[in-house]
Amino acid sequence: MSTGSVVHAADVEVLHWWTSGGEAAALNVLKEDLASQDIGWVDMPVAGGGGEAAMTTLRARVTAGDPPTAVQMLGFDIQDWAEQGTLGNLNDVAEAEGWADVVPEALQAFSKYDGNWIAAPVNVHSTNWVWANKAILDELGIEQPTTWDEFVAALQTVQDSGKVALGHGGQAWQDATIFDGVVITAGGPEFYKQAFIDLDIDALGSETMVEAFNRMDTLRGFVDDNFSGRDWNLASAMVINGEAAFQLMGDWAKGEFLNAGKVPGEDFLCFRMPGTEGSVTFNSDQFAMFDVSDDDAKAAQAAMAASIMSPTFQSAFNVVKGSVPARTDVPDTDFDDCGKKGMVELAEAAEAGTLMGSMAHGHANRAAVKNAIYDVVTAHFNGEYDAETAAEELANAVEGAM
Ligand code: BGC
């Protein structure tokens, strides 16, 4: 290259939102893996959990005719871009590597469009988790709660002690992440499916949904005064540092604990949101490859996809990221107790029909519907609506967005 910049023959420019400490550590596993195969990395980070800001940047890049080669993407966004004919085709590498046999159906539903592979899944996260500071629980004599009522009682005990009960960041996607689990505590997995997957308007406006919003009110009573706008990883840090007892967050939070040198079972506990055991609300980070004309770039995309899908990479990456592998044949040997539990629960939920796409992370519905739900959930959490009104508004908003 004459420009002086170091660009390999096969570079990938990767747009992603992995900017927290734990996420960056996981990203390094990926970068190093690609570097070992001489695939160059051009970094395009766009901060913002849940990826909304990243998707806005992506739209601008595509509109300008300059899409990145590889993009971290969630669920229905992948399908949207595929529908617009912007994604490349990974069938050759998928066939050569036998992806169809090892990638769970629930993920393939997003990795394929019209029968063609268009994205490579790097992990499976899930959102209905609680992260707890073990020392605080021990000090206050709190047992791991197993029901919603026990959880509320535990939160109350912490609050009474003067500590923050719930470390939370008031951002729409974080409120929605909590709502994934809370809706299951209120109505069970079938109700979650009716409301968020089938978009049954009666379910969305039902008394059960009012109860879900009541439970959000309860949780709102346990956050600190400075919660508004706080990034999720700073809320994790509150639990890590012993400032707060609990965080309700997807298992990317585990990456923060590990990055801070904390050990599951000793320093922190991971368990399903009480009242959601048996259900898993999942999201999978996938790398969608944009259609590029250059043969070298195509080859780099295929090499990146093959590398992401290798069992050893899936283990090494997910051990650090907090997620579990996107293939069913990766041994759990290197995973900690939370990871092992996550793998077992994923398989069990898939078997039981209680593995459900996360509404908050784009795996239940398209962005228009998701955003309509975000608006109502966050307005309610910030006191704009009471629970009754919120359920009505939710039904209206979703109907309007369909
Ligand atoms: C992604 C995770 C990420 C989290 C917070 C989620 O949507 O799936 O990989 O760590 O957002 O940024």
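Numbering of residues begins at 1 and proceeds along the displayed sequence. Remember, it's 1-based here, ligands and their atoms both numbered in the order they're listed. Because the structure is predicted, anything quoted here is derived from the model rather than measured.
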*Asks:* Before signing off on this row, confirm whether Lys321 and ligand 1 have an N or O atom pair separated by under 3.5 Å.
*Replies:* yes
*Asks:* Between the side chains of Glu13 and Arg61, is the shortest nitrogen-to-carboxylate-oxygen separation below 4.0 Å, so that they form an ion pair?
*Replies:* yes
*Asks:* Could you check whether Asp386 and His380, counting side-chain N and O atoms only, form a donor-acceptor pair closer than 3.5 Å?
*Replies:* no
*Asks:* Taking the inter-plane angle between the rings of Phe287 and Trp18 on a 0 to 90° scale, is it parallel (under 30°), tilted (30 to 60°) or perpendicular (over 60°)?
*Replies:* perpendicular
*Asks:* Please list, in number order, the atoms of ligand 1 under 4.0 Å from a heavy atom of Glu23.
*Replies:* 3 (C), 4 (C), 5 (C), 10 (O), 12 (O)
*Asks:* Is there a heavy atom of Gly51 sitting under 4.0 angstrom from any atom of ligand 1?
*Replies:* no
*Asks:* Considering heavy atoms of the protein only, find what lies nearest to atom 7 (O) of ligand 1 and give residue, atom and distance to 0.1 Å.
*Replies:* His361 ND1, 2.8 Å
*Asks:* Counting both backbone and side chain atoms, is some N or O of Asp285 under 3.5 Å from an N or O of ligand 1?
*Replies:* yes
*Asks:* Closer than 4.0 Å to some heavy atom of Leu74 - which atoms of ligand 1 meet that?
*Replies:* 7 (O), 8 (O)
*Asks:* Any salt bridge between Asp251 and Lys321, counting N to O under 4.0 Å?
*Replies:* no
*Asks:* Would you mind listing which atoms of ligand 1 come within a distance below 4.0 Å of any non-hydrogen atom of His125?
*Replies:* 2 (C), 8 (O), 9 (O)
*Asks:* Using a 3.5 Å cut-off and no angle test, enumerate the donor-acceptor pairs between side-chain atoms of residues 132-143 and protein atoms at least two apart in sequence or in another chain.
*Replies:*
| residue | atom | partner | partner atom | Å |
| --- | --- | --- | --- | --- |
| Asn133 | OD1 | Ala135 | N | 3.0 |
| Asn133 | OD1 | Ile136 | N | 2.9 |
| Asn133 | ND2 | Val239 | O | 2.8 |
| Lys134 | NZ | Asp138 | OD2 | 2.9 |

*Asks:* Is it true that the side chains of Thr127 and Thr281 contain a donor and an acceptor less than 3.5 Å apart?
*Replies:* yes
*Asks:* List every atom of ligand 1 that sits less than 4.0 Å from any heavy atom of Gln72, numbering the atoms from 1 in the order shown and giving each element.
*Replies:* 9 (O)
*Asks:* Heavy-atom contacts with Gly49 under 4.0 Å: which atoms of ligand 1 show up? List them by number with element.
*Replies:* 5 (C), 12 (O)
*Asks:* Have a look at ligand 1 and work out which part of Asn283, if any, has a heavy atom under 4.0 Å from it: side chain, backbone, both or neither.
*Replies:* side chain
*Asks:* Would Arg230 and Asp224 pass as an ion pair if we require N to O under 4.0 Å?
*Replies:* yes
